[in-house]
Amino acid sequence: MKKRLLRLFAPQPTLLDEEILDIQTLYLFRIKLLEAILLTAALVGLGTWLLEYTEILPGDRLYTPMVLVYSLVNAIGYLILKYSTTDRYLFAMHLCIFSALLTFSVMSTSLLYDEFRFIWFFLLSFAAFMLGGKWYGMTVSFLILGILYTEFFMTDLHFSGFGLFSFTTSLLTFNAFSLIFLNKIEQDSLTMRTHIHAEVEKRKAQESIVEKIQKEDITDLKEGYFWDTKRKTLSHENQTIALTQKEQQLLALLLKNTNHCVTFEDIQVVLWEEKYDEEISIPSVKVQVTKLRKKLPKGCIKNVYGCGYIFHS
């Protein structure tokens, strides 16, 4: 009996553990993504600087040293994120995003021959959304637009007004889709966290029941009914069924003598603590048994002619 109850109420960790693992995996994914971005930016920046320094690629007196600084900053961010004993994710993320923002801003005014230089701002906006969330991504996107419009009116970008308008429209459209996508992810995450909380509470309840079963405090009455011997409570499908004091005493007496007849006299003494009187006791006992039967699985309390009642397990 105890083994069957333990199997029935044993906590099932699979679902909860998998969902917690999903959250941990998402966080680890962001860390690994940031590490990859930082390392890639450091290597690409260093390679670009070497090509410009050796004049394989045309350089610029401001942009070329800026690329070297950008490479070193990202290398430092990578090392901090990779080997720091404390959580430096936010610091490394800000380092990555704002160093790129500064470098790409210099690039937009320096490499005028590069017609595709503004694409890097799209990649920067995408990285901000992926690494920092929707509001961080929106903030970076508006910073990008602010920088570009300032440079457009203050310097010669070799970029038409229509081109800037197209870039702005594209970036805002991308931001709108990103917001919708991330909102959906956040809603799903909230639902998952709520479900995890419910699963945690369910597991605690299951562990409590298992502990009671192991201590033999719980008795299975069939059909999902359980009797808590210690607390003297009856439950069905985790819902407590209200019992009067006499119903509790009667059920406890019947369960104590499971599969054995309990006489009217025994019931009289336990419930009323009075001497047995057949004319008074039998009707009173029958009333209590009838009331108790309505709260238990059908057929578990049987009449025994000439004796009293018996509880069948």
Side-chain angles (χ1 to χ4, degrees), residues 30 33-42 44-46 48-49 52 57-78 80-81 88-186:
R30 278 187 160 180
L33 177 63
L34 181 54
E35 286 179 358
I37 292 173
L38 287 166
L39 183 59
T40 302
V44 171
L46 181 60
T48 303
W49 176 78
E52 292 185 1
L57 287 179
D60 179 83
R61 61 183 181 82
L62 181 60
Y63 177 68
T64 300
M66 187 67 198
V67 170
L68 180 60
V69 173
Y70 172 71
S71 176
L72 293 175
V73 167
N74 279 272
I76 292 170
Y78 172 79
I80 290 174
L81 185 63
R88 297 292 185 181
Y89 176 82
L90 289 178
F91 175 77
M93 180 184 69
H94 294 323
L95 202 63
C96 173
I97 295 299
F98 286 99
S99 64
L101 188 62
L102 181 59
T103 303
F104 296 163
S105 300
V106 173
M107 179 180 65
S108 64
T109 57
S110 301
L111 304 184
L112 301 180
Y113 60 86
D114 186 356
E115 298 175 350
F116 298 98
R117 62 190 185 279
F118 296 107
I119 292 177
W120 291 102
F121 286 113
F122 264 98
L123 295 176
L124 178 60
S125 177
F126 176 74
F129 272 102
M130 290 291 291
L131 297 173
K134 59 184 182 181
W135 299 119
Y136 189 77
M138 287 291 292
T139 301
V140 171
S141 295
F142 280 109
L143 281 174
I144 290 171
L145 291 177
I147 290 169
L148 285 182
Y149 273 88
T150 300
E151 291 179 341
F152 179 80
F153 289 110
M154 298 294 293
T155 64
D156 184 11
L157 292 179
H158 288 202
F159 202 61
S160 67
F162 180 77
L164 185 60
F165 173 76
S166 298
F167 176 85
T168 304
T169 305
S170 302
L171 186 62
L172 292 178
T173 303
F174 166 76
N175 276 251
F177 280 114
S178 298
L179 281 175
I180 294 171
F181 177 71
L182 291 176
N183 271 328
K184 174 61 177 173
I185 291 178
E186 288 180 359

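In this text, all values refer to a predicted model and were calculated from it rather than measured experimentally. We use all heavy atoms of the structure for the numbers below, so side chains are in, but hydrogens, waters and symmetry mates are not.
- Looking at heavy atoms from C-beta onward, L172 lies in side-chain contact with L145 at the 4.5 angstrom threshold.
- Screening residues 116-144 for side chain to side chain donor-acceptor pair (under 3.5 Å), with sequence neighbours left out, gives H94-Y136, S125-S141, K134-N183, K134-E186, S141-N175.
- Between the side chain of S99 and the backbone N or O of C96, at least one donor-acceptor pair lies under 3.5 Å.
- Between M66 and L102, some side-chain heavy-atom pair lies under the 4.5 Å cut-off.
- Rounded to the nearest 0.5 angstrom, F167 CZ and L148 CG are separated by 5.0 Å.
- Counting non-hydrogen atoms of neighbouring residues, nucleotides and ligands closer than 6.0 angstrom, the OH atom of Y149 exceeds 12 such neighbours.
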Self-check item: Test log, rule side-chain contact (heavy atoms from CB on, under 4.5 Å), inputs T48 and E52
Solution: CA-CA 6 Å; T48 303; E52 292 185 1; 3.7 Å; yes
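- Side-chain contact check for I37 versus Y78: every heavy-atom pair is 4.5 Å or farther apart.
- Taking CZ of F104 as the start and CG of L123 as the end, the distance is 7.0 Å to the nearest 0.5 Å.
- Two residues are said to be in side-chain contact when any heavy atoms from C-beta on lie closer than 4.5 Å; F98 and L143 meet this criterion.
- Side-chain contact between M107 and T103: absent, with no pair of heavy atoms (C-beta onward) separated by less than 4.5 Å.
- The backbone N or O of L131 sits less than 3.5 Å from a side-chain atom of Y89, completing a donor-acceptor pair.
- For S110 against Y63, the heavy-atom pair with the smallest separation is CB-CB, 3.9 Å.
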For residues 68-77, run the donor-acceptor check on the side chains, cut-off 3.5 Å, and write out each pair with its distance to 0.1 Å, sequence neighbours left out.
residue	atom	partner	partner atom	Å
S71	OG	A42	O	2.5
S71	OG	L46	N	3.3
N74	ND2	Y70	O	2.8

Exercise. List the steps and the verdict of side chain to side chain donor-acceptor pair (under 3.5 Å) for T109 and E151.
Key: CA-CA 7 Å; T109 57; E151 291 179 341; 4.6 Å; no
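- A parallel orientation is assigned to the rings of F121 and F118, their planes being inclined by less than 30° (bins at 30° and 60°).
- Relative ring orientation between F126 and F174 is described as tilted, the plane-to-plane angle lying within the 30° to 60° band.
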